[in-house]
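Following: one structure in C-alpha cells, then a few remarks.
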Amino acid sequence: MGTILVTGGAGFIGSNFVHHLVEHSDHRVVVLDKLTYAASASSLDVLPGERVELVQGDVADASLVDDLVQSSDAVVHFAAETHNDNSLADPSPFVRTNLVGTYTLLEAVRRHSVRFHHISTDEVFGDLEYDDPAKFTESTPYNPSSPYSSTKGGSDLLVRAWVRSFGIDATLSNCSNNYGPYQHIEKFIPRQITNVLTGRRPKLYGEGRNVRDWIHVADHSAAVELILDRGARGQTYLIGADGERDNITVLRTILRLMGRPEDEFDHVRDRPGHDLRYAIDSSRLREELGWEPQHQDFESGLTATIEWYQENRQWWEEQKAAVETGYAEAGQ
Ligand code: NAD
Ligand code: DAU
C-alpha cells in the first residue's frame with residue numbers, strides 16, 4: 001500500500017498502531033499530530049526514521065492536510081480530543097478537532113481519491129443497563145451522552161455521508177476501552193497505576209459499578225490493519241474482546257497486582273452523565289474478516305502494563321502532579 005498517513009499517531013492508540021505497522025508491514029508511515037497535551041512524540045522515538053516521519057500539524061489545517069493526503073496511499077484517522085472529563089469542562093476543542101478535523105480530511109481524500117479508515121468509539125451508542133443481555137452491534141442506534149461521544153458520533157456520520165454522496169473509499173471502526181503502554185495518565189488504568197507508583201491513593205468515580213469492555217491496544221491495532229487491508233467499502237466494524245469488567249473490580253485488581261490492600265482507594269465525585277455500561281458484539285469482524293483477539297488474559301495484560309509504567313517513569317512522571325492538581329480541583 002505504500003505510504004500510510006496516521007493522524008494522531010503520537011497519541012496512545014495511534015502510536016501503538018504505528019509500532020504495529022513498523023513491525024508487521026513494509027509501509028512507510030507519516031504521522032500528522034498536533035502534539036497536544038495528550039501526545040508524546042517520544043512514543044515514536046525507538047522507531048526507524050526511514051520508516052516513520054512525524055509532522056506536527058492540525059487535522060483542521062486544510063492546506064497541510066491536502067498536501068499530506070495527496071502524497072499518501074491511505075489515511076488512518078485516530079486524531080481526536082478523547083477525554084470525556086475534559087469535554088465536560090470545555091467542549092470547544094472537541095467540536096473543532098473531532099468534527100471540523102474529520103471534515104477537512106474527508107474533503108482531501110475525496111479530492112485525491114485516497115483510501116480512508118476512520119477510528120471511532122463504542123461511546124457513540126450511549127450506554128446499556130447493567131442487566132441488559134444485549135450488546136452493541138453495527139445496527140445499534142446512535143445515542144451519545146457526552147460532548148466527546150457526540151462529536152465522535154457526528155464524525156462517523158460525516159464519513160458515512162461522504163461514502164454515500166461522494167463515493168469515497170472509506171471504512172469505519174468503533175472500539176471499546178483500550179489499555180496498554182503509552183496511554184496518557186489522565187485515563188482510568190494508567191491514572192491508578194501511577195497513583196500507586198507515586199504514593200497517592202487511587203480514585204474511583206462514585207461507587208465504581210460502571211462497566212467498561214476492556215481490550216488490549218495490540219488487539220485494536222491488528223483489527224485496524226485487517227480492516228484497512230480487507231474491509232468492505234463503506235462498512236462499519238465493531239471491535240471488542242469480551243472484556244466486560246466494572247471499575248471497582250479493575251481497580252482492586254490493579255491494587256492486588258501492585259501488592260497493595262484492595263480497599264486502599266478513595267471514592268470521589270462521579271462523572272456527570274456517566275455511562276453505565278458498554279459491551280461490544282464483534283461478530284462481523286470475526287466472521288467476515290477472521291479477526292480474533294490475542295490478548296484476552298486481562299490480568300497478564302494488566303501486569304505487563306503496570307511493568308511498563310514502572311519501567312518508563314520518564315515518559316509520564318513530569319505530568320503527574322499537574323494532572324492530579326486538575327483532578328483535585330474538579331473534586332476527582
Ligand atoms: P489520545 O488522546 O491518546 O491521542 C490523541 C492524539 O490526537 C494526540 O496525539 C493528539 O496530539 C492528537 N490530536 C488531537 N487534536 C489534534 C488535531 N487537531 N490535529 C492533529 N492531531 C491532534 O487518544 P487515543 O486514546 O489514542 O484515541 C485515539 C482514537 O481512538 C480517537 O479517535 C478515539 O476517539 C478513538 N478511541 C479511543 C479508545 C480508547 O479507549 N482510548 C477507544 C475507542 C476509540
Ligand atoms: O469506550 C471507549 C472510550 O474509552 C474512548 O472512546 C475514550 O476516548 C476513552 O477515554 C475511554 O472513555 P472512558 O470515559 O470510558 O475512559 P476513562 O479512562 O476516562 O474512564 C474509564 C472508567 O473509569 C469510567 O467509567 C470512569 C472511571 N474513572 C475514570 C478515571 C479517570 C474512575 O473511576 N476514576 C478515574 O480516575
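Whatever order the structure lists ligands and atoms in, that order sets their numbers, starting from 1.
At least one heavy atom of K152 sits under 4.0 Å from some atom of ligand 1. The closest approach between S120 and ligand 1 falls below 4.0 Å for a heavy atom of the residue. At least one heavy atom of Y148 lies less than 4.0 angstrom from ligand 1. The shortest heavy-atom distance from G57 to ligand 1 is under 4.0 Å. Heavy atoms of A10 come nearer than 4.0 angstrom to ligand 1 in at least one pair. In this structure, K152 has no heavy atom closer than 4.0 Å to ligand 2. Contact annotation: G9 has no heavy atom less than 4.0 Å from any atom of ligand 1. Contact analysis puts H274 in contact with ligand 2, with a non-hydrogen atom separation below 4.0 angstrom.
Taking the ring centre of F188 as origin, the terminal cationic atom of R212 falls outside the region bounded by 6.0 Å and 45° from the ring axis. Annotation: cation-pi pair R191/Y327 present, NZ/CZ under 6.0 Å from the ring centroid and within 45° of its normal. Geometric assessment of R110 against the ring of F166 yields a positive cation-pi assignment under the 6.0 Å and 45° thresholds.
Among T82, N86, D33, the residue whose heavy atom lies closest to atom 23 (O) of ligand 1 is T82. Selection from V76, I13, D213 by nearest heavy atom to atom 39 (C) of ligand 1 gives I13. Summarising the contacts of atom 16 (C) of ligand 1 with D61, V31, T97, N174, the nearest heavy atom is found in T97. Across R271, R191, E324, heavy-atom proximity to atom 17 (P) of ligand 2 is greatest for R271. Checking V323, D122, D246 against atom 1 (O) of ligand 2, the nearest heavy atom belongs to D122. Comparing heavy-atom distances from atom 10 (O) of ligand 2 across H184, H83, K187 singles out K187 as nearest.
Heavy-atom proximity to A80, at under 4.0 Å, picks out these atoms of ligand 1: 5 (C), 7 (O), 14 (C), 31 (C), 32 (O). Of all the atoms in ligand 1, the ones that sit under 4.0 Å from a non-hydrogen atom of D58 are 17 (C), 18 (N), 19 (N). Taking every heavy atom of N247 and a limit of under 4.0 angstrom, the matching atoms of ligand 2 come to 22 (C), 23 (O), 24 (C), 25 (O), 27 (C).
For the pair D85 and ligand 2, the shortest N or O to N or O distance does not fall below 3.5 Å. At under 3.5 Å, not a single nitrogen or oxygen of Y278, backbone or side chain, sits near a nitrogen or oxygen of ligand 2. The N/O atoms of T121, backbone and side chain alike, include one that comes under 3.5 Å of an N/O atom in ligand 2. Checking only distances, L204 never comes within under 3.5 Å of ligand 2, N or O to N or O. Ligand 1 has an N or O atom lying under 3.5 Å from an N or O atom of V59, backbone or side chain. Ligand 2 has a nitrogen or oxygen under 3.5 angstrom from a nitrogen or oxygen of K203. Geometrically, ligand 2 and W214 share no nitrogen or oxygen pair separated by less than 3.5 Å.
At a cut-off of 3.5 Å, with distance as the only test, a side-chain donor of S145 or D275 sits close to an acceptor on the other residue. Checked by atom type, the side-chain pair H112/D66 shows a donor-acceptor distance below 3.5 Å. No side-chain donor from either of T102 and H118 sits under 3.5 Å from a side-chain acceptor of the other.
For the pair D33 (side chain) and A10 (backbone), a donor-acceptor distance under 3.5 Å is present. Not one N or O on the side chain of S165 forms a donor-acceptor pair closer than 3.5 Å with the backbone of W162. Between the side chain of D127 and the backbone N or O of L276 there is at least one donor-acceptor pair closer than 3.5 Å. Judged purely by atom type and a 3.5 angstrom limit, T305 uses its side chain to pair as donor or acceptor with the backbone of G301.
The nearest heavy-atom contact from the protein to atom 12 (O) of ligand 2 is E123 OE2, 2.8 Å. Given atom 35 (C) of ligand 1, the protein heavy atom at minimum distance is I119 CG2, 3.8 Å. Given atom 16 (O) of ligand 2, the protein heavy atom at minimum distance is N177 ND2, 3.6 Å.
Put simply, the residue from R115, R233, Q235, R230 that forms a side chain to side chain donor-acceptor pair (under 3.5 Å) with T171 is R115.
Residues H216 and Y179 place their aromatic rings such that the two centres sit under 6.0 Å apart. Between F125 and F136, the ring centre distance stays below 6.0 Å.
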- prompt: Where do E186 and Y37 land on the side chain to side chain contact (heavy atoms under 4.5 Å, CB included) test, with the steps shown first?
  reply: CA-CA 10 Å; E186 69 188 352; Y37 81 95; 2.9 Å; yes
